[in-house]
Amino acid sequence: LYRSVAHQLGDGAADFAALRHLCATYMETHKDDFLAFVALDADDPDSAFADHVAKVRATSEWGGQPELLALSRALHRPIHVHSRDAPLLKMGDDEDGGAPLVVAYHRHYYALGEHYNSTVAVAPSD
């Protein structure tokens with residue numbers, strides 16, 4: 001997910017770690033927006049949320065919709081997610097940051113399981 005968004009930003013995969021940090025920081029500072037989606041079922045939701053944010057920041061933990069929403073808001077850019085199994089998911093369309101970042105979600109991506117990929121526009125053929 002983070003490498004896909006970095007690629008969409010034109011940073012290749014080089015700044016995916018910076019995006020992880022940005023995502024974690026945004027989630028920490030907007031805890032009420034994300035707590036219910038990442039830690040509500042835990043015995044100690046506050047501790048579980050802190051653990052989740054720490055994993056986002058410093059591990060290779062995969063991201064999902066909460067992290068995409070955090071990135072969309074932190075970057076002030078809409079993110080559109082295409083998937084074969086669901087309608088187009090638009091996050092942050094109210095942001096005024098320009099063209100959307102477009103990624104594809106693959107529910108069963110070979111042996112990897114759930115996975116996000118960056119997309120590129122294809123020029124129409126003549």
Side-chain angles (χ1 to χ4, degrees):
L1 178 143
Y2 302 99
R3 289 178 193 264
S4 297
V5 173
H7 182 264
Q8 287 291 301
L9 290 168
D11 296 333
D15 282 341
F16 77 93
L19 285 175
R20 282 184 161 281
H21 184 80
L22 177 68
C23 180
T25 300
Y26 188 90
M27 291 178 85
E28 276 178 332
T29 58
H30 297 84
K31 181 179 176 179
D32 291 343
D33 293 343
F34 297 97
L35 179 67
F37 298 100
V38 299
L40 188 61
D41 293 337
D43 291 335
D44 182 356
D46 290 327
S47 177
F49 182 79
D51 288 345
H52 179 82
V53 169
K55 287 178 184 175
V56 167
R57 180 175 282 117
T59 72
S60 59
E61 182 84 9
W62 288 21
Q65 286 186 6
E67 291 76 24
L68 280 170
L69 181 58
L71 286 170
S72 174
R73 290 179 177 175
L75 294 167
H76 302 285
R77 293 285 297 270
I79 297 177
H80 292 181
V81 182
H82 290 272
S83 173
R84 184 186 74 160
D85 301 330
L88 177 65
L89 177 62
K90 296 180 179 182
M91 295 189 190
D93 268 355
D94 57 338
E95 304 296 334
D96 54 355
L101 308 175
V102 183
V103 298
Y105 170 74
H106 304 274
R107 187 171 184 185
H108 301 289
Y109 193 72
Y110 299 105
L112 295 175
E114 296 177 292
H115 190 76
Y116 290 90
N117 281 331
S118 181
T119 64
V120 292
V122 176
S125 60
D126 291 332

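Counting begins at 1 with the first residue of the sequence.
How far CZ of Arg3 is from OG of Ser118: 12.5 Å, rounded to the nearest 0.5 Å. Distance check, rounded to the nearest 0.5 Å: CG of Leu22 to CZ of Arg57 gives 10.0 Å.
The minimum heavy-atom distance linking Glu28 with Phe49 is given by the pair CA-CE2, 4.3 Å. Across all non-hydrogen atoms, the minimal contact from Val5 to Leu71 is CG2-CD1, 4.2 Å. Contact detail for Asp15 and Ala6: the closest heavy-atom pair is C-CB, 4.4 Å.
Residues passing the side-chain contact (heavy atoms from CB on, under 4.5 Å) test with Ala54: none are found, sequence neighbours excluded. With sequence neighbours excluded, the residues satisfying ring-ring contact (aromatic ring centres under 6.0 Å, His included) with His30 are Tyr26.
Considering only heavy atoms from C-beta on, His7 comes within 4.5 Å of Val120 through its side chain. You'll find the side chain of Leu19 stays beyond 4.5 Å of the side chain of Leu1, heavy atoms only. Annotation: side chain of Pro78 is not in contact with side chain of Leu101 (no heavy-atom distance under 4.5 Å). With a 4.5 Å cut-off on side-chain heavy atoms, Val53 and Val38 do not count as touching. Taking the side chain as every heavy atom from C-beta outward, Asp33 and Met27 never approach each other to under 4.5 Å. Residues Gln65 and Met91 are in side-chain contact: their nearest non-hydrogen atoms beyond the backbone lie under 4.5 Å apart. Contact check for Asp46 versus Leu35: side-chain heavy atoms found under the 4.5 Å cut-off.
More than 12 heavy atoms of other residues, nucleotides or ligands lie within 6.0 Å of NZ in Lys31, so this atom counts as buried by the packing criterion. Summarising the local packing, CG of Asp43 is surrounded by 12 or fewer heavy atoms from other residues, nucleotides or ligands at distances under 6.0 Å.
Between the side chain of Ser72 and the backbone N or O of Arg77 there is at least one donor-acceptor pair closer than 3.5 Å. At distances below 3.5 Å, at least one donor-acceptor pair connects side-chain atoms of Thr119 with backbone N or O atoms of Val102.
His80 and Gln8 share no side-chain donor-acceptor pair at under 3.5 Å. For Thr59 and Arg20, the side-chain atoms include no donor-acceptor pair closer than 3.5 Å.
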**OP:** Could you walk me through whether Val81 and Leu88 pass side chain to side chain contact (heavy atoms under 4.5 Å, CB included), step by step?
**Re:** CA-CA 6 Å; Val81 182; Leu88 177 65; 5.8 Å; no

**OP:** Applying side chain to side chain contact (heavy atoms under 4.5 Å, CB included), run through Glu67 and Val56 and close with a yes or a no.
**Re:** CA-CA 8 Å; Glu67 291 76 24; Val56 167; 4.0 Å; yes

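Remark: of the listed residues Trp62, Tyr105, Phe16, Tyr105 is the sole one forming a ring-ring contact (aromatic ring centres under 6.0 Å, His included) with Tyr116.
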